[in-house]
Amino acid sequence: MCSKKGLYRFSDIEAKWQRFWQERKTFAAKDCDGSRPKYYVLDMFPYPSGQGLHVGHPEGYTASDIVARYKRMKGFNVLHPMGWDAFGLPAEQYAVKTGTAPKETTQKNVDNIRNQIKSLGFSYDWDREVNTTDPDYYRWTQWIFLKFFNSYFDEAEQKAGPIEQLPIPEDLSEAEKQEYIDGHRLAYEAEVPVNWCPDLGTVLANEEVVGGVSERGGHPVIRKPMRQWMLRITKYAERLLDDLALVDWPESIKKLQTDWIGKSIGADVDFKVAGFDESIRVFTTRPDTLFGATYMVLSPEHPLVDKITTPDNKKAVQRYRAEAARKSDLDRTDLAKEKTGEPLGAYAINPVNNEKIPIWISDYVLISYGTGAIMAVPAHDERDFEFATKFALPIVPVVEPPDPEQAELVRQVKICFVGDGTAINSGQFDDQSTAEFKENITNWLAQRNQGQKSVNYKLRDWLFSRQRYWGEPFPILHTQDGRVIGLSEDDLPLRLPEIEDYKPLGTGQPPLANAADWVNVTSADGSKEKRETNTMPQWAGSCWYYLRYLDPQNTDKSWDPEKEKYWMPVDLYIGGAEHAVLHLLYSRFWHKLLYDLGYVSTKEPFAKLINQGMILGEDGQKMSKSRGNVVNPDKVIADYGADSMRLYEMFMGPLEAIKPWSMQGVEGVDRFLMKVWRAVIDETTGELDEAVQDARADEATLRLLNQTIKKVGDDIETFGFNTAISAMMIFINHLGRQTIRPRSAIEQLVLILAPFAPHIAEELWQRLGHADSLTYEPWPQYDKELIKEKEIELAVQVNGKIKDRIVVPADATEEYIETQALASEPVKAALAGRNPKKVIVVKSRLVNIVV
RNA sequence: GGCCGAGUGGCGGAAUGGCAGACGCUGGGGACUUAAAAUCCCCUGCCCGAAAUGGGCGUGUGGGUUCGAAUCCCACCUCGGCUACCA
């Protein structure tokens with residue numbers, strides 16, 4: 001048995017450096033250090049699930065860690081924190097099943113996932129760890145909720161202000177005044193339809209409802225209005241849209257958010273109801289098609305339905321409404337391929353031509369968008385066309401398409417045309433272009449008090465309460481006379497009570513209603529109140545965690561304003577694209593409220609955003625337990641070490657691309673690291689290899705080294721980690737062949753490798769004779785002169801086909817290159833005596849001779 | 001249906017107007033070894049050819065722009081992701 005002293009034992013060495021970093025607090029960020037520029041690099045913090053990490057997590061975390069370590073070497077004061085988004089359904093479901101308190105389950109999972117993350121050697125400042133379920137954390141989530149509750153939105157200023165400053169109309173009674181104030185709070189209560197499952201006695205999230213039945217157990221689910229907390233995000237729609245211009249995010253993500261907000265500009269138009277002193281207001285983006293409105297549709301929930309339905313139609317309409325109520329959102333959209341509806345028997349008057357048009361109800365009109373009613377223009381709207389065709393309603397074309405063929409089909413009512421064109425069948429507006437017509441008709445309606453310009457958003461107010469135990473309790477009391485009051489900030493945190501039974505009550509009441517001692521409160525003045533028993537959704541804690549990292553131990557304030565000014569905004573935010581809309585939109589919304597109230601200094605929280613791509617299984621399919629293709633990161637680390645794991649995750653391909661895992665690929669990068677090791681350490685003795693000498697590198701080595709330093713630095717700046725690694729591989733392949741490996745070259749290689757594979761780099765750095773960690777060593781500088789090649793090889797093409805290659809001095813003139821190219825024998829042969837029409841010389845690339 | 005992204009060797013990928021296939025994997029051959037592993041060296045897009053510092057083809061398909069296109073433009077096909085009647 002010959003045991004080699006110098007073999008690289010990754011498990012010992014990785015543990016050694018992880019301990020070193022932890023003990024020395026190597027990565028502690030220094031607040032308000034004016035001597036260095038700051039850099040805040042943030043990962044989307046994980047939900048600590050019982051499954052632990054999957055290989056997708058370390059992908060983003062490794063990328064951000066490389067940037068963090070690189071920036072430190074570039075002289076930045078780096079803030080790189082980590083924490084836990086630990087409220088959520090799984091721990092609660094586990095509690096229902098086993099009786100284990102969610103707090104315990106969560107603690108266990110957090111400890112596990114923290115160990116997993118630590119085993120990868122990320123350079124987090126662990127003193128700043130946060131946990132959304134910690135009362136010292138959710139105290140401030142509740143504090144921000146109170147800010148919403150105690151604020152209103154000033155339309156003129158387009159910003160939030162304290163509710164005390166809300167201008168209140170005069171002549172209101174005390175009760176009306178209170179109602180007015182409550183109606184303007186940015187956090188408010190409303191009756192909202194939720195997914196109610198009678199058999200389970202609980203409310204379900206949208207994703208827990210599949211095809212109209214509960215995902216678990218397959219029980220029927222109906223829509224039922226319940227009292228819910230809402231946040232008035234719609235007030236911020238315009239700013240959330242506009243301020244996307246301020247951030248450096250992928251265009252695709254900006255577009256997703258823009259579409260989600262869904263701004264559309266059009267007009268509100270009032271239609272009188274024949275025989276009633278009522279009118280129906282509709283929103284349309286195509287007021288220019290008003291002459292083609294041949295019927296109207298109200299949503300089944302529209303308040304006027306009962307009033308205007310004729311007795312003959314009442315029965316059928318009621319049946320239709322009941323059916324619609326039973327359908328979930330999914331049923332109403334996904335399954336409703338065939339349009340349905342009922343006529344009310346009532347008629348409306350089209351304001352432009354005074355024609356009587358029938359009024360219908362149908363569930364393709366949503367109560368929650370616009371006014372919950374539409375004018376139907378079947379000739380120019382796909383949905384209306386489908387509906388009119390099915391129920392044989394009249395179709396009148398009013399827009400002539402520019403294409404004559406299409407125009408003919410539209411005139412014959414064969415097709416539906418939704419584009420812009422020229423007005424027909426529209427009285428005095430005939431021959432106007434769509435754009436002109438829109439403008440003119442809107443003014444025409446406004447003059448007659450029958451309509452006006454209007455803007456609508458798809459974005460809805462945010463349903464902010466859940467009928468769950470494991471979430472932040474609302475700092476809210478309900479008085480006996482039905483008022484709602486916010487707790488004083490001094491009474492925070494309002495702690496979650498420990499309860500015995502996590503099951504829902506079966507009445508739709510959340511589990512917290514079980515905790516009578518907690519729910520019933522007697523105030524100092526003897527009055528009795530009840531606590532709110534809903535809890536906040538999982539998004540709440542993640543909306544502002546990036547701010548708590550700035551000052552995580554502060555017991556007086558959510559964060560110190562000085563620290564906020566120093567660190568914000570987040571310079572780089574890395575996470576999965578699945579959070580493209582909700583998490584990022586909600587965070588931006590909270591941030592804007594905090595900005596309006598003066599608690600943060602930037603309009604936007606995240607200056608730059610990058611999404612890491614999904615990692616697929618070795619079979620190229622999405623990883624899943626059922627497919628059996630899940631790669632366990634713990635196993636990879638145990639077999640190859642953290643450095644190889646990190647390196648492979650980055651070498652797989654571009655960060656943002658979707659790419660399949662390959663164990664053989666891991667072996668490839670592992671081999672590379674061993675090559676680096678053997679270039680420095682003699683495997684037999686464990687000492688520095690004899691080839692490592694204090695010598696000057698030869699010209700070729702020096703040139704390649706400087707090229708590599710440049711390439712790796714440039715690639716980190718542009719997140720091209722895969723090509724950075726490839727450059728280092730090329731360099732070590734060269735260096736390994738040298739009989740003398742200059743110490744200076746080795747040291748610089750170790751430094752640029754360090755952000756990628758920090759454990760082996762620290763170990764080599766130490767063995768090269770350095771006492772301290774390389775974390776704050778300056779990033780190697782490359783020499784521009786040394787990079788330049790002396791001679792370059794150019795391809796010579798004749799009519800685009802390569803005929804020869806020539807070698808010329810790097811500083812050769814175009815004339816010289818042209819002469820050399822024309823002197824080449826293969827080129828002469830290819831020219832066959834013809835005279836070149838044109839010679840294109842691309843310096844340092846090629847020569848193309850055109851004949 | 002809509003939107004977004006992607007199609008390059010046996011595989012992951014590189015090159016974003018200038019020598020296609022860097023780097024890694026796989027496969028083949030050789031060196032070292034009693035043998036194996038590890039390591040090192042050479043080859044590895046396809047077709048023709050005994051070979052050539054021979055020729056031809058080649059970046060999903062079809063067209064176009066250009067001296068020159070994987071890269072830009074137009075049309076289409078395939079795959080993946082997100083989304084779903086928003087008037």
Side-chain angles (χ1 to χ4, degrees), chain A residues 4 7 250-253 255-256 259-260 262-264 266 282-286 289 293 297 299 329-330 332-334 336-337 339 362-366 368-377 380-384 386-387 418 456-460 577-578 580-581 613-614 616 618 620-622 647-648 651-654 656-672 674-675 678 683 720 722-730 733 736-737 793-802 804-805 825-826 836-851:
Chain A
K4 290 183 177 176
L7 283 178
E251 281 309 312
S252 58
I253 301 287
K255 192 170 183 317
L256 278 175
D259 291 349
W260 186 266
K263 179 180 183 175
S264 48
V282 301
F283 170 71
T284 176
T285 55
R286 294 297 300 270
T289 60
V297 186
S299 84
D329 271 358
L330 266 178
R332 275 176 71 156
T333 57
D334 205 40
K337 292 197 172 87
K339 293 259 182 298
S362 173
D363 62 8
Y364 82 92
V365 175
L366 309 172
S368 49
Y369 182 77
T371 61
I374 61 157
M375 62 177 210
V377 185
H380 305 289
D381 181 286
E382 305 272 6
R383 298 152 299 185
D384 298 346
E386 200 188 314
F387 190 84
V418 298
N456 265 283
Y457 301 90
K458 277 207 294 205
L459 185 68
R460 308 292 153 80
E578 65 274 22
V581 178
M614 207 194 332
L616 306 173
E618 296 209 68
Q621 300 289 110
K622 220 175 190 172
L647 212 57
Y648 176 65
F651 188 63
M652 290 172 81
E656 285 156 284
I658 300 169
K659 42 214 179 280
W661 187 268
S662 154
M663 276 305 172
Q664 285 175 334
V666 182
E667 285 180 32
V669 295
D670 188 62
R671 249 170 256 170
F672 158 68
M674 292 311 103
K675 257 187 233 181
R678 285 193 308 268
E683 279 198 297
N722 54 333
T723 47
I725 294 166
S726 143
M728 290 188 279
M729 286 173 167
I730 293 170
N733 285 345
R737 281 192 283 264
E793 193 186 66
L794 301 179
V796 184
Q797 301 177 328
V798 175
N799 282 343
K801 294 215 183 256
I802 294 168
D804 195 15
R805 288 166 215 282
E825 286 305 326
K837 276 194 208 133
K838 202 172 176 185
V839 179
I840 294 142
V841 177
V842 184
K843 270 194 168 181
S844 82
R845 293 284 184 183
L846 51 63
V847 182
N848 191 9
I849 300 162
V850 187
V851 290

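Note on naming: letters A, B, ... go to the chains in the order of the sequence lines (proteins, then strands), and numbering restarts at 1 for each one. Remember, it's a predicted structure, so these values are computed and weren't measured experimentally.
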On a whole-Å scale, what distance lies between the [atom1] atoms belonging to [N] and [M]?
| N | M | atom1 | result |
| --- | --- | --- | --- |
| B:U59 | B:A69 | P | 11 Å |
| B:C41 | B:U26 | P | 15 Å |
| B:A15 | B:G68 | C1' | 16 Å |
| B:U44 | B:A37 | C1' | 24 Å |
| B:G56 | B:C3 | P | 44 Å |
| B:C73 | B:G81 | P | 26 Å |
| B:C42 | B:C25 | P | 14 Å |
| B:U66 | B:U71 | C1' | 13 Å |

Side chain of [X] (C-beta onward), nearest among [options]:
| X | options | answer |
| --- | --- | --- |
| A:T723 | B:C82, B:A15, B:A87 | B:A15 |
| A:Q664 | B:G18, B:C40, B:U26 | B:U26 |
| A:N848 | B:A87, B:C67, B:C3 | B:C67 |
| A:S252 | B:C67, B:C4, B:C85 | B:C4 |
| A:L256 | B:C82, B:A14, B:A87 | B:C82 |
| A:F651 | B:G18, B:C23, B:G80 | B:C23 |

For [N] and [X] - does any side-chain N or O of the residue sit under 4.0 Å from the phosphate oxygens OP1/OP2?
| X | N | value |
| --- | --- | --- |
| A:R678 | B:A38 | no |
| A:R737 | B:C41 | yes |
| A:R671 | B:U26 | yes |

Using atom types as modelled and distance alone, determine if a side-chain donor or acceptor of [X] lies under 3.5 Å from a backbone N or O of [Y].
| X | Y | answer |
| --- | --- | --- |
| A:D363 | A:S299 | no |
| A:Y648 | A:D670 | no |
| A:N722 | A:M652 | no |
| A:D384 | A:V377 | yes |
| A:K659 | A:A657 | yes |
| A:R671 | A:V666 | no |

Under 4.0 Å between any heavy atoms, over every strand shown, what does [X] touch: base, sugar-phosphate, or nothing? Just pick one.
| X | value |
| --- | --- |
| A:N722 | sugar-phosphate |
| A:S264 | sugar-phosphate |
| A:K675 | sugar-phosphate |
| A:N733 | sugar-phosphate |
| A:S662 | nothing |
| A:K458 | base |
| A:L846 | base |
| A:E793 | base |
| A:P826 | nothing |

*Pairing pattern in dot-bracket form [Watson-Crick, G-U; both distances under 3.5 Å; | = partner strand] for RNA chain B*: (((((((..(((.....[....))).(((((.......))))).((((.....))))..(((((..]....))))))))))))....
*Starting from the 5' end of RNA chain B, give me the residue, A:I658 or A:G668, whose nearest nucleotide shows up first.*
A:I658
*Using the closest heavy atom to pick a nucleotide of RNA chain B for each, name whichever of A:P660 or A:F283 lands nearer the 5' end.*
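Per heavy-atom nearest nucleotide, the more 5' residue is A:P660.
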Round to a whole Å and report the spacing from [atom1] of [X] to [atom2] of [N].
| X | N | atom1 | atom2 | value |
| --- | --- | --- | --- | --- |
| A:I253 | B:G81 | CD1 | C1' | 12 Å |
| A:I730 | B:A14 | CD1 | C1' | 10 Å |
| A:I725 | B:A14 | CD1 | P | 12 Å |
| A:K801 | B:A69 | NZ | P | 10 Å |
| A:H380 | B:C85 | NE2 | C1' | 19 Å |
| A:L647 | B:C23 | CG | C1' | 12 Å |
| A:N799 | B:C67 | CG | P | 12 Å |
| A:D670 | B:U39 | CG | P | 9 Å |

_Within the 4.5 Å heavy-atom criterion, are A:E618 and A:P660 side-chain neighbours or not?_
no
*Would you check if A:L616 and A:M614 make a side-chain contact, meaning some heavy-atom pair closer than 4.5 Å?*
yes
*Please work out which of the three classes, parallel, tilted or perpendicular, describes the rings of A:Y364 and A:F387, given edges at 30° and 60°.*
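The arrangement is tilted - the two ring planes meet at 30° to 60°.
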*Assess whether side chain to side chain contact (heavy atoms under 4.5 Å, CB included) is satisfied between A:V847 and A:I840, documenting all intermediate values.*
CA-CA 6 Å; A:V847 182; A:I840 294 142; over 6 Å; no
*Does one side chain, of A:N848 or A:K838, offer a donor that lies under 3.5 Å from an acceptor on the other?*
no
*So, is B:G21 syn or anti if syn means the angle is within 90° of 0?*
anti
*If you take atom types as modelled and just measure distance, does the side chain of A:K255 reach the base of B:C3 with a donor-acceptor pair under 3.5 Å?*
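Answer is no: no donor-acceptor pair is held.
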